[in-house]
Amino acid sequence: MPAPPPPAAAPALPRAPAKPAVFIPVNRSPEMQEERLKLPILSEEQVIMEAVAEHPIIIVCGETGSGKTTQVPQFLYEAGYSSEDGIIGITEPRRVAAMAMSQRVAKEMNLSQRVVSYQIRYEGNVTEETRIKFMTDGVLLKEIQKDFLLLRYKVVIIDEAHERSVYTDILIGLLSRIVSLRAKRKLPLKLLIMSATLRVEDFTQNPRLFARPPPVIKVESRQFPVTVHFNKRTPLEDYSGECFRKVCKIHRMLPAGGILVFLTGQAEVHALCRRLRKAFPPSRSRLPEKDDDQKDSAEEMRKFKKSRTRAKKARAEVLPQINLDHYSVLPAGDGDEDREAEVDEEEGALDSDLDLDLGDGGMAWLALSLHLHSTVSFLILVFKPPPEGTRLCVVATNVAETSLTIPGIKYVVDCGKVKKRYYDRVTGVSSFRVTWVSQASADQRAGRAGRTEPGHCYRLYSSAVFGDFEQFPPPEITRRPVEDLILQMKALNIEKVINFPFPTPPSMEALIAAEELLIALGALQAPQKAERVKQLQKDRLSCPITALGRTMATFPVAPRYAKMLALSRQHGCLPYAITIVATMTVRELFEELDRPASSDEELARLKGKRAQLAQMKRTWAGQGASLKLGDLMVLLGAVGACEYSGCTPQFCEVNGLRYKAMMETRRLRGQLTTAVNAVCPEAELFMDPKMQPPTESQVTFLRQIVTAGLGDHLARRVQSEELLEDKWRNAYKTPLLDDPVFIHPSSVLFKELPEFVVYQEIVETTKMYMKGVSSVEVQWIPALLPSYCQFDKPLEEPAPSYCPARGRVLCHRASVFYRVGWPLPAIEVDFPEGIDRYKHFARFLLEGQVFCKLASYQGCLLSSPSTMLKTWARLQPRTESLLRALVAEKADCRDALLAAWKKNPRCEFDQGQGVGVDGMGSPRQALSPGLVEGSGPTTAGRLPAT
DNA sequence: GAGCACTGC
């Protein structure tokens, strides 16, 4: 392994590649050049360029803010690493970053956005002239589907690789192979992996990923220093209260500069904000008019005045003593914790009555809450510099850790906790838990204090606790289901996913669960039944993709939803299925109204909105057939109503809808409409803003479509005779869970309690709740979800029959649902493979049902055709030879028989030759036609539109 | 009878 070149001491080297044919020189205006020189320029340019020239793959390591994202593409461009036949591509894990970086680099280089462009999910400005392209990682992954070797690129840069987003991980795995394939073709591709922290072992010490470890180049940080302060003690419970005390202390005693507080959830954020505003009432001028938290009661006003008088006193006494250096403590492990501890002890006495008695150093105060669902008016406020003499205090969830950078932050208060989603690998149930962050996350949070000037980070836990943190957060790919990723990989013809060079592989259980789901959805070919036992292990995780799977892979949604889309080209269901899938993908369509209120007034307002939303949900769900589609009907109705009214922010506000989510749904519907049209142009789909509600029968088809997609999410109401314990009252049972699950109270089916339901997800809070619930008719289950049913022997009554349209033998079979053995009604299905099917087919053949001309021979037969159904031993020699011939030719249906005749016209029973056969079209199945052949269920079951 | 952090196609 080549040792990483030392950053500073490298000699100047000539740049490698020859000039390409067309090269747009960087022509910076004097102002731009001056502007650029003001920015710190990476001193490692020579080292990086030398490494790129020598190695196909290099890793560039440097903290956020080091300027590598904006500068490395420029170095490469200026060195001629791009032309019209191969450009520089940079991936980002976030859409805004891709867009903002392209704009910034274009500006710094004084080039048009036609040359330095971006491409993200719904938009982009890439042109023929584009030479540097910023994009999200998912966009590049989609491009690999169309052009596996990425021939449009000469350089690919994977930025923020340390964040280990699932797409970034898969890209790195794919690119490790693409680089060698391109080298073999003498079309070399350069790969740069850029990472903030030093977590590079997963890339360098992984021989399956990179046989030769790529060189690592470290670049200098451009961040301002942040002094880290640890608490001496770690509060066990009340970290919110600890945050409150720390923020008050900072505001009271430390010089101007924004404060950023990290908490774990929306409710906590709001609560702390309210408490801070009460302690230091905000300056009136800047709060948005609609902010419900700012309405101060008279009581609060009184406290405010009281605290102002004390503030003067506090200012006189406390401020002169405060010296910032006194707080300056070296980062963890340097043994300065005690000094900080002294500070805390000293002030311990003050802490107790901080709630009521606060001096604010004379500074005005603006406490704002920041989380994913913050309204736009709030966001504007957060990003505006506060007026002179006002201190900005932003209380935030994890959004502020990576997704958003707030300017002017000098102090960070870190509670050290984070709320994360956990998936049970076996059952798929998710829950949210608050845990300690990783050291890398804590450092990332601290770094938010050093964007504009040297800053301070106050950690509300001890350095010993910090030392026990995980070094890095586990990569996302190890923490969530991977069926979507596996489908994407199979679509790239990576069959043995187990051999894929993941930087960190998902767990075996997750891979198996993904493969099994995809098989059940029909996206992957099931291993042959005969081989199942013997070869199960071998076949596992190497099933090839089906035609249906390929279609599904082109839809940018989860495989369960992609299956729904693939099934929906019938009865005009596509526009509705697209809308339902879009809303299920966007999630959180409705405003969060359950937060605790700060005043009676607010409480009343929230109560009113909750009632209004509940009423609207009932309206959208409708009655009868429509209500049975349940929460998915609500989603469909909400989008329909909202679009009908023009999708205005006002409509959303009045009806408890999240405007941002509605806009996202609209864009996703557009994208899905395009995707469906691409697979199936005959559909001639378009987005109709005045979409009519589905008819009753359409609603029923939609329920069947939803059932087919969510088959592994089927639940059955616990029957009264099974009700042994009280905890099972109104409960449902699922195949994979021993414990009861419940319909969420926000569901429109909460009181309906249908016998069978499918659900979107189960979230465990106080109980296990199903969300996104839709009801299912029992007779649909064996027809739509045969892969989850174990079928009994064919029934004798009703007797097996011949289906002239499909040319096949049918029978009735009862079944039970897998693992739980729920009895399911008999439905008409294909007669199972085996000797009996040949016998029945032979009988129908002799009876003339298969080819009508044969019917006239019936009188000449020695015995009745039903003799065919006897055991071998009791067959007549003649009938036995017919059966043997059918078996030999594998002719157990009309098409197979015709094929056998075609192949061998002289075979024994060629009487049938020339007989006209009607209705030779391919079989039309219960729910087909889907978008591709075979996307319907595999049975012949007919579904009554009940 | 209710409390979900965050992101990409």
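Every heavy atom of this structure was used, including side-chain atoms; hydrogens, water molecules and symmetry mates were not. By convention in this document, chain letters (A, B, ...) are assigned in the order of the sequence lines, proteins followed by strands, and residues within each chain are numbered from 1.
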*When the distance from CE of A/Met768 to C1' of B/dC4 is rounded to whole Å, what number comes out?*
17 Å
*Name the nucleic acid region contacted by A/Arg667, choosing base, sugar-phosphate or nothing; use a 4.0 angstrom heavy-atom cut-off, strictly under.*
nothing
*Could you state the atom-to-atom distance from CD of A/Glu761 to C1' of B/dA5 in whole Å?*
14 Å
*Which one, B/dT7, B/dA5, B/dC9, comes nearest to the side chain of A/Phe432?*
B/dA5
*Consider only side-chain N and O atoms of A/Ser507 and A/Arg425, and report whether a donor and an acceptor are under 3.5 Å apart.*
yes
*Over how many whole Å does the gap from A/Asp484 atom CG to B/dT7 atom C1' extend?*
12 Å
*Would you please confirm or rule out a distance under 4.0 Å between OP1 or OP2 of B/dA5 and any side-chain N or O of A/Lys419?*
yes
*How long is the line joining CZ of A/Phe590 and P of B/dC4, in whole Å?*
18 Å
*No-hydrogen, no-angle side-chain donor-acceptor test under 3.5 Å, A/Thr504 and A/Arg164*: yes
*Between P of B/dT7 and NZ of A/Lys660, the distance in whole Å*: 8 Å
*asked:* How many whole angstroms separate atom CG of A/Leu668 from atom P of B/dT7?
replied: 16 Å
_Under the salt bridge (charged side-chain N to carboxylate O under 4.0 Å, His left out) definition, can you give me all pairs with a residue in residues 758-771 of chain A, not counting sequence neighbours?_
A/Arg421-A/Glu761
*Compare side-chain N and O positions of A/Gln266 against OP1 and OP2 of B/dA5 and report whether any pair is under 4.0 Å apart.*
yes
_Nucleotide B/dG1, atom C1' - distance to CZ of A/Arg729 in whole Å_ = 14 Å
*What is the nucleic acid contact for A/Leu372, judged by heavy atoms within less than 4.0 Å: base, sugar-phosphate only, or nothing?*
sugar-phosphate
*asked:* Under 4.0 Å, counting only non-hydrogen atoms across every strand here, what does A/Gln488 touch: a base, just sugar-phosphate, or nothing?
replied: nothing
*asked:* Do A/Tyr153 and A/Glu143 pair up side chain to side chain, a donor and an acceptor below 3.5 Å, judged on atom types alone?
replied: yes
*Parallel, tilted or perpendicular: which describes the rings of A/Tyr769 and A/His744, with under 30° parallel and over 60° perpendicular?*
perpendicular
*Is the shortest side-chain N/O distance from A/Thr397 to OP1 or OP2 of B/dC6 below 4.0 Å?*
yes
_Students often get this wrong, so: under 4.0 angstrom with heavy atoms, is A/Val434 touching a base, only sugar-phosphate, or nothing?_
nothing
*Over 60° means perpendicular and under 30° means parallel, so classify the ring planes of A/Tyr461 and A/Trp436, tilted if in between.*
perpendicular
*OP1, OP2 of B/dA2 versus side-chain N and O of A/Tyr769: anything below 4.0 Å?*
yes
*Establish, with yes or no, whether the OP1 or OP2 oxygen of B/dG3 is under 4.0 angstrom from a side-chain nitrogen or oxygen of A/His744.*
yes
*Using a cut-off of strictly less than 4.0 Å, decide whether A/Thr765 has a side-chain nitrogen or oxygen near OP1 or OP2 of B/dG3.*
yes
*Taking the side chain of A/Lys771 as heavy atoms from C-beta outward, which of B/dC4, B/dC6, B/dA2 is closest to it?*
B/dC4
*May I have the distance from A/Glu588 (atom CD) to B/dC6 (atom C1'), rounded to whole angstrom?*
12 Å
_Nearest-nucleotide comparison on DNA chain B, the residue closer to the 5′ end among A/Phe750 and A/Ser403_ = A/Phe750
*Tell me whether the OP1 or OP2 atom of B/dC4 has a side-chain N or O from A/Ser430 closer than 4.0 Å.*
no
_Residue A/His371, side-chain atoms from C-beta onward, closest of B/dG1, B/dT7, B/dC6_ = B/dC6
_Distance criterion of 3.5 Å, no angle test: do you see the side chain of A/Arg587 paired donor-to-acceptor with the base of B/dT7?_
yes
*Report yes if at least one side-chain N or O of A/Arg121 is closer than 4.0 Å to OP1 or OP2 of B/dT7; otherwise report no.*
no
*Of all the choices, B/dA2, B/dT7, B/dC9, which nucleotide is nearest to the side chain of A/Lys142 once you look at every atom?*
B/dC9
*asked:* Taking the minimum atom-to-atom distance to the side chain of A/Lys751, which one of B/dG8, B/dG1, B/dC4 wins?
replied: B/dG1
*Which part of the nucleic acid, if any, lies within contact of A/Val418, taking any heavy atom under 4.0 Å across all strands shown: a base, the sugar-phosphate backbone alone, or nothing?*
nothing
*Side-chain donor-acceptor contact under 3.5 Å, A/Asp137 with A/Ser165*: yes
*Identify which nucleotide among B/dA5, B/dC9, B/dG8 has an atom closest to any side-chain atom of A/Arg421, counting heavy atoms from C-beta outward.*
B/dA5
